[in-house]
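First the structure, in the form of structure tokens, and then the observations on it.
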Amino acid sequence: MIQKKICMVGAFAVGKTSLVSRFVTSVFSERYLSTVGVKIDKKVVELDGAEVILVLWDLAGEDEFQAVQASYIRGSSGYLLVVDGTRQSTLDTAATIRERIVEEVGELPFVVVLNKSDLTEEWELGEEAIAKLTARGWTTVRTSAKTGAGVEEAFRLLTRAILAED
Amino acid sequence: MGGVSEVDRDRTGLAPEDPDAPGDGQLEALRRLLLEPEQAQIRSILARLDDPTQHAREVGDILPRAVFHASGRGDELEEALTPTLERSTHRAIRRDRQAFAEALFPVMGPAIRRAIAEALRSLIQGLNQALEHSLSVRGLRWRVEALRTGRSFGEIVLAKTLVYRVEQLFLIHRSSGLLLQHLIAPEVQAQDADMVSGMLTAIQDFVRDSFQVGHEETLASVEVGDLQVWVEQGPHAVLAAAIRGDAPVELRQTMREALETLHLDLRDDLASFDGDSAPFEAARPLLEGCLQSQREIPEKRTSPWLWLLLALLIGWVAWWSIAGWQEHRRTRALLRALRAEPGIVVTEVLREGGRLQLRGLRDPLAGDPAALAAVAGFDADRVALHFAPYHALHPPFVLARARTALHPPPQVHLELDGGRLLVSGSASERWLARLRDVAPLLAGVDAVDDAALEVVDEATAVDRLMVGLADRIASRTVRFATGSAAIAATETATIDETVADVTELVRLAEERFAVVRIEVEGHADPTGPPELNIRLSRDRAAAVAGALVEGGVPSSLVAPVGRGTLLPSEGAEARDGQQLQELRKVSFSVDIRRLRDKEQATP
């Protein structure tokens, strides 16, 4: 069976943890995130009849006080870059994080996850901003931790991109 | 050049078939001159190709090298060869099973033996442990713990009796934290190893990042309670062991060596790891060497139940042997008593169904064997006595039988000297006749010696007889308890004998025309007031007189008299009990009066 380490990164409070909590196997409590800065979960994705185990490193959110620990990224096959669709600023943070990852470990497959899609009222990301991302060759998926929409798809897209790399 | 040689070969090919082809002879000579060495080579090559034997030899020369070369390039060769090998193996087995069995024997035998030994060993160990732990207090405590924690009893036992055990081994890809191999000891409950592996790596990174240690420095161990995680770091992989208890330092050496060997053997797979852990299956045997454990050498404590059992056993054996010894002693005592008893002969001693069986002979005059058995401590149901009657020839028995048969008068004395019955004293002619008739017939009497017997006439004999009886009666006393006039049970024999003698005396007296008078004299000891003693002596005399009358003595012949105290009461306290007792009595005096000639025959 193929295993892949993937990371989940993004700004503080973009909803990374709640985004995956319903979709992964978990044995560690969320306290790990605030203490060690990382929490490991597991997600089995079935792709073209084969199963891939994703060992998911949920990294503590980035804010002005705490930067994503670059060492946790090492050895990853790809990552989910989580953005809060209701906060434009988180997209900038995501871009910063991506740059640091590229600096640290080079280009890796990733999927931009535009979370909180259920909050249409407060949605800040305009179509043109998303189109700009797509234009840069970034894969984007709208997700909702609340409804679960798009989460499976995000994992599948990332897995497919990773396997395509091999 | 290519073009030219092509043409050349074509023409060379034609040459042998058509020697007379149109052409210039000189050209032909030149051609031969120029191309002769090549043509010779070509001919030799063709010959080698056409000769199968030669061809086979040459292929044989290069085949091993070719196979060696091919095996380095993927699975092609294996795939090509596998069907043929399978078929030929099948065919070989079909053709000669024996040869195959013989070839496999050295491998199969030890393997089967080992498997059986292993299975038996674990079975015995399991049984041992079950017995060891099921009855002890410690065992019960562990059962409670098992119930409380939801772990299996076996797991608890293992955890409590282990010095240490490597519960889990993680072989982790160093940069990704992905799990390459996971080994787990039997009956250990483990979390999802993939995630644990990731977390261990994350913690490694965390420690490294948080405390600014060098990149190559790593967390060597983590300790939580009695659980330790030992981490060994290699260039590409990390070996982590979750250990319960205190593992020896040598274990780390073992881990390090395993990791080194692994890096050597799986160098390429480690370097090119992209998430496929399949190649690392090969590392399992190596890692199993690290899955060590050491059990506590259990104290050889004997169960209290065993002690109890032993005590019971010892008790039983002791009881049994003491009982046996006592029985033996009783038996010996009884046999000794029986052998000492004259007139009893024991001929057979058996033990049947826990009962002692004694057989033998017994003179009717001999003591009662049942009484002897009771004295020796035998219950009546534990001994069976079978004694046939016989006449013993012991002098006392012979004498006793003689007395019974002869009724000797009191003046006659019988004695036995060897087989001779010595008769002395005085007797009537009639009794002497009877003696001479009867005595020789008695068993044990061979001869009768009556030389010392004085023969008197009948009247004298009777008179002497009466005097003898009177003496005997007068010599008797009946004793009493202090202050009592009741006849004690111990005195009834004296009363009975006296009644018999008096009755006989009365009968003889009638024969000799005489009258007998028995004075029954009561006495009291000097203690107490004299009036009371007088009354007491009178009451005692009356009691004995009454007893004689009751026995058949005519009341007219009996005269009770109270004599009070024979001695003065002074100094009575000074006398001892024995002397006082002798004073509390009834005595007899006999008075015989002849009616016809007034002749007195008093003693």
By residue number, those in residues 246-265 of chain B with heavy atoms under 4.5 Å from heavy atoms of chain A are none
From OG (A:S77) to CG (B:L178), nearest 0.5 Å | 7.0 Å
In this structure, CG of B:D276 is separated from CE of A:M1 (nearest 0.5 Å) by 10.5 Å
Check A:G75 against B:S176 and note the closest heavy-atom contact, atom names and distance.
-> O-CB, 3.1 Å
For B:D274 and A:I2, the nearest pair of non-hydrogen atoms, with its separation, is O-CG2, 4.5 Å
Is it the backbone or the side chain of [X] that comes under 4.5 Å from a heavy atom of chain A, or both, or neither?
X      : answer
B:V207 : neither
B:T201 : both
B:A202 : both

Chain B heavy atoms under 4.5 Å from A:I53: which part of the residue, side chain, backbone, both or neither?
-> side chain
Applying a criterion of heavy atom separation less than 4.5 Å, what residues of residues 40-52 of chain A form contacts with chain B?
-> A:I40, A:D41, A:K42
Donor-acceptor pair, A:K39 side chain versus B:M199 backbone, under 3.5 Å?
-> no
Under 3.5 Å: donor-acceptor pair, side chain of A:Q3, backbone of B:L179 | yes
Validation: residues 120-132 of chain A side-chain donor-acceptor distances under 3.5 Å, sequence neighbours left out:
from: A:W123; atom 1: NE1; to: A:L125; atom 2: O; distance (Å): 2.9
from: A:E124; atom 1: OE1; to: A:Q88; atom 2: N; distance (Å): 2.8
from: A:E127; atom 1: OE2; to: A:R142; atom 2: NH2; distance (Å): 3.0

Can you name the side-chain hydrogen bond (donor to acceptor under 3.5 Å, both in side chains) partners of A:T159, sequence neighbours left out?
-> none
